[in-house]
Amino acid sequence: MTTTDTLTDVFEEHRPVLMGVAYRMLGRVADAEDVVQDAWLRWSGGDRGEVREPRGYLVRVTTRLAIDRLRQIRTRGESYVGPWLPEPYVTDFGATEPDTAERAELADSVSLAVLVVLESLSPLERAVFVLREAFGYPHAEIAAMLDRGEAAVRQLAGRARRHVDERRPRYAVDPAQRRDLTERFLAAAAEGDLEGLMSLLAPDVRLVSDGGGKATAALRVIDTPAKVGRFLVGVARKEGAGLSFHPLEVNGGFAVLLLAGDRPDSVVQLDVADGLVRAVHVIRNPDKLRSLRPL
């Protein structure tokens with residue numbers, strides 16, 4: 001007989017994978033956690049007599065629940081104030097991903113830039129892309145999980161891959177360079193050094209700030225070094241006093257959490273290449289920062 005403790009142990013063994021699937025599907029930590037909790041209820045209360053491979057079963061259940069949740073969110077048609085960015089997801093692959101190439105690929109699949117692109121896919125396309133590209137499932141297994149024909153899944157995978165490739169950034173992000181540039185970038189902004197800040201920005205730099213209508217943020221994407229630099233220096237002068245900076249790994253890369261006292265104020269993450277900042281992501285929506293704490 002399978003005991004409750006055994007059921008719990010098996011589920012907890014696979015929880016990180018399930019959370020990874022659900023978050024990539026939804027881009028929202030709270031929704032992903034709800035989906036994983038629903039998967040636990042089905043696992044603990046359902047008939048597991050024919051379950052031979054728990055991981056595959058749990059991934060299938062989680063994926064289907066995430067598809068349903070994503071469809072519900074889109075059916076509600078809720079409008080979002082200003083640019084949308086995913087909720088920051090604290091990642092620390094550590095020793096679980098020792099291979100550099102595999103770690104880089106896994107980090108890329110959960111990056112803010114890629115998740116923004118995934119938001120434009122259909123729920124089924126997104127599920128196929130996540131299972132194929134982030135977790136390496138063969139087309140045949142994905143077809144079985146989604147109750148679709150393998151040929152249809154291959155078409156979905158190809159369409160999703162082309163869509164993502166056309167819109168994702170085409171530069172690699174070097175972790176050490178990202179950290180160094182982030183520290184110099186924030187120091188220049190805090191000091192009001194507009195010239196020094198602009199020297200760090202690529203000619204095609206873009207700043208995306210997500211306040212969700214609940215925190216001060218730009219209502220449109222800002223581009224060009226001059227506009228981005230002036231915006232950041234202005235924000236630092238108005239709101240920078242009393243903020244403390246704390247390093248954090250989110251969405252597979254170095255970021256900084258800004259605290260106003262003990263309250264999370266914002267998360268800043270840069271995309272960098274060739275020694276310059278290509279993109280600035282600023283997440284200020286308080287609903288997306290509640291769970292974050294400094295290291």
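Note that the numbering runs from 1 along the sequence shown for the chain.
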(message) Testing the basics here: between W84 and L115, what is the closest heavy-atom pair and its distance to 0.1 Å?
(response) CZ3-O, 4.2 Å
(request) For the pair R148 (side chain) and L146 (backbone), establish whether a donor and an acceptor sit closer than 3.5 Å, ignoring hydrogens and angles. (result) yes
(request) Give a yes or no on whether a salt bridge exists between E183 and R179, defined as a side-chain N under 4.0 angstrom from a carboxylate O. (result) yes
(request) Without swapping roles, check the side chain of D265 against the backbone of L259 for a donor-acceptor pair under 3.5 Å. (result) no
(message) Restricting to non-hydrogen atoms, name the atom on S209 and the atom on A218 that form the minimum distance, rounded to 0.1 Å.
(response) OG-N, 2.9 Å
(message) Could you check whether any side-chain N or O of D210 sits under 3.5 Å from a backbone N or O of L85, counting only pairs where one atom can act as donor and the other as acceptor?
(response) yes
(request) Name all residues meeting the salt bridge (Lys or Arg N to Asp or Glu O under 4.0 Å) criterion together with R167; count only those two or more places apart in sequence or in a different chain, and write none if there are none. (result) none
(request) Indicate, with yes or no, if V208 and L276 share a hydrophobic cluster defined by side-chain heavy-atom contacts under 4.5 Å among Ile, Leu, Val, Met, Phe, Trp and Tyr. (result) no
(request) Check side-chain contact (heavy atoms from CB on, under 4.5 Å) between R154 and all other residues, then give those that pass, not counting sequence neighbours. (result) H139, E150
(request) Check for a donor-acceptor pair, side chain of R161 on one end and backbone N or O of R159 on the other, with a separation under 3.5 Å. (result) no
(message) Taking R126 first and then E119, would you say they form a salt bridge - that is, a charged N and a carboxylate O separated by under 4.0 Å?
(response) yes
(request) Could you tell me whether a side-chain N or O of Y23 sits under 3.5 Å from a main-chain N or O of E87, the two making a donor and an acceptor? (result) yes
(request) Measure across D271 and A113 and return the closest heavy-atom pair with its distance rounded to 0.1 Å. (result) OD2-CB, 4.1 Å
(request) Look at the side chain of Q269 and the backbone N and O of V280, then say whether any donor-acceptor pair between them is shorter than 3.5 Å. (result) no
(message) Please determine whether a side-chain nitrogen of the Lys or Arg among R284 and E239 lies less than 4.0 Å from a carboxylate oxygen of the Asp or Glu.
(response) yes
(request) May I ask you to decide if L65's main-chain N or O and R69's side chain share a donor-acceptor pair within less than 3.5 Å? (result) no
(message) So, applying side-chain contact (heavy atoms from CB on, under 4.5 Å) with T62, which one of D38, I67, V17, L18 is it?
(response) L18
Which pairs of donor and acceptor atoms, one on a side chain in residues 220-235, lie under 3.5 Å apart (sequence neighbours left out)?
residue, atom, partner, partner atom, Å
T224, OG1, K227, N, 3.3

(request) Return each pair, listed once, that meets ring pair (Phe, Tyr, Trp, His ring centres under 6.0 Å) where at least one residue sits in residues 255-287; pairs must be two or more places apart or across chains. (result) none
(request) Check side-chain contact (heavy atoms from CB on, under 4.5 Å) between R15 and all other residues, then give those that pass, not counting sequence neighbours. (result) F11, E12, V36
(request) Kindly state each residue pair satisfying salt bridge (charged side-chain N to carboxylate O under 4.0 Å, His left out) with at least one member in residues 184-200, sequence neighbours excluded. (result) D180-R184
(request) Return yes if some donor-acceptor pair links the side-chain N/O of S266 with the main-chain N/O of I283 below 3.5 Å, else return no. (result) no
